[in-house]
Amino acid sequence: MSDLLANLAQFFEIVRYPAGSALCLVGAILCVIGTIGVMRFPDFYTRMHAASITDTSGATVILIGMALMAPGWLIVAKLVTIFWLLFLTSPAASHAVVNAAHTAGLQPLIGRIGKKTDDEEGAA
C-alpha cells in the first residue's frame, strides 16, 4: 500500500505541471472565444452574457491550472480566495450592469438579424 502511495505522489509530481499548463491554455482560449463573442453578438444583452459567462469560467480554469502548478499550500489558498471573490462578484457585477441598462430603457434586439419585417415582405 505504501508503494502505491509513493508511486501516486511521484506520478502527481510528474503530471501536475503539464496538466496545469494545459488548463491555463484552455482557460486563455476560452477567454479569447468570449472576447470574439462580445465583438460578434448583435446587442448589449447578448454581449454581456458572453462576457460574464466566459470571464468567470475562463478565469476559473486558469486558476485551477495555476493551483496545480503552485509550489505550496499557501499559494493554493490564495488562489482559492481569488476564485471565491471572482465567483461572487463577477455575476453580481454583470447583473448590476444589465439591470442598469434595462432600467435606463435599453431594449434588446428581438428576432433574427436581417429578418424582413411584414412591411418589407409586402413591398417586395
Side-chain angles (χ1 to χ4, degrees):
M1 184 67 176
S2 63
D3 290 340
L4 178 68
L5 291 176
N7 289 338
L8 190 60
Q10 209 172 26
F11 177 74
F12 179 71
E13 284 298 318
I14 293 170
V15 171
R16 74 183 185 130
Y17 289 108
S21 300
L23 285 174
C24 287
L25 182 64
V26 167
I29 290 171
L30 188 59
C31 289
V32 168
I33 289 171
T35 303
I36 293 169
V38 167
M39 299 176 99
R40 300 251 330 165
F41 283 145
D43 68 338
F44 175 76
Y45 295 105
T46 54
R47 288 178 182 172
M48 278 302 296
H49 179 71
S52 66
I53 296 296
T54 57
D55 176 39
T56 305
S57 59
T60 299
V61 174
I62 289 172
L63 287 171
I64 291 170
M66 290 172 66
L68 282 175
M69 295 187 295
W73 288 105
L74 181 61
I75 295 174
V76 172
K78 290 177 184 179
L79 290 171
V80 169
T81 304
I82 291 169
F83 164 73
W84 281 110
L85 289 172
L86 183 72
F87 185 73
L88 293 174
T89 58
S90 182
S94 297
H95 177 74
V97 169
V98 169
N99 190 27
H102 181 69
T103 303
L106 184 63
Q107 295 295 317
L109 183 65
I110 305 293
R112 294 179 58 187
I113 298 175
K115 182 180 174 185
K116 292 183 179 180
T117 61
D118 293 334
D119 296 334
E120 292 174 352
E121 287 178 2

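Just so it is clear, the model here is predicted, and its values are computed rather than measured.
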Say whether [X] and [Y] are linked into one hydrophobic cluster, either directly or through other cluster members, by side-chain heavy-atom distances under 4.5 angstrom.
| X | Y | value |
| --- | --- | --- |
| Phe87 | Leu79 | yes |
| Leu68 | Val15 | no |
| Val32 | Leu25 | no |
| Ile82 | Ile75 | yes |

message = Looking at Leu109, is its backbone amide N or carbonyl O close enough to the side chain of Asp43 to form a donor-acceptor pair, meaning the two atoms are under 3.5 Å apart?
response = yes
N/O donor-acceptor pair under 3.5 Å between Arg16 side chain and Phe11 backbone = no
Separation between [atom1] of [X] and [atom2] of [Y], rounded to the nearest 0.5 Å:
| X | Y | atom1 | atom2 | answer |
| --- | --- | --- | --- | --- |
| Cys24 | Met66 | SG | CE | 6.5 Å |
| Thr35 | Arg40 | OG1 | CZ | 14.0 Å |
| Asp3 | Leu8 | CG | CG | 12.5 Å |

ask   = For Phe12, does the CZ atom have more than 12 heavy-atom neighbours from other residues, nucleotides or ligands under 6.0 Å away?
value = yes
For residues 91-101, which side-chain N or O atoms pair as donor and acceptor with protein atoms under 3.5 Å away, sequence neighbours left out?
unit_1 : atom_1 : unit_2 : atom_2 : d
Ser94  : OG     : Ser90  : O      : 3.1

query = Do Asp55 and Ser52 have a side chain donor and acceptor closer than 3.5 Å?
reply = no
What are the two closest heavy atoms between [X] and [Y], and how far apart are they?
| X | Y | answer |
| --- | --- | --- |
| Gly34 | Thr54 | CA-OG1, 3.2 Å |
| Val76 | Ala67 | CG2-O, 3.8 Å |
| Gly37 | Ala50 | C-CB, 4.3 Å |
| Ala59 | Leu86 | CB-CD2, 3.1 Å |

task = Any ring pair (Phe, Tyr, Trp, His ring centres under 6.0 Å) involving residues 42-76? Give me the pairs, sequence neighbours left out, ordered by first then second residue.
result = none
key: For Leu23, the option from Leu63, Ile64, Ile62, Thr60 that meets side-chain contact (heavy atoms from CB on, under 4.5 Å)   = Ile64
key: Residue list, salt bridge (Lys or Arg N to Asp or Glu O under 4.0 Å) with Arg47, at least two apart or on another chain   = none
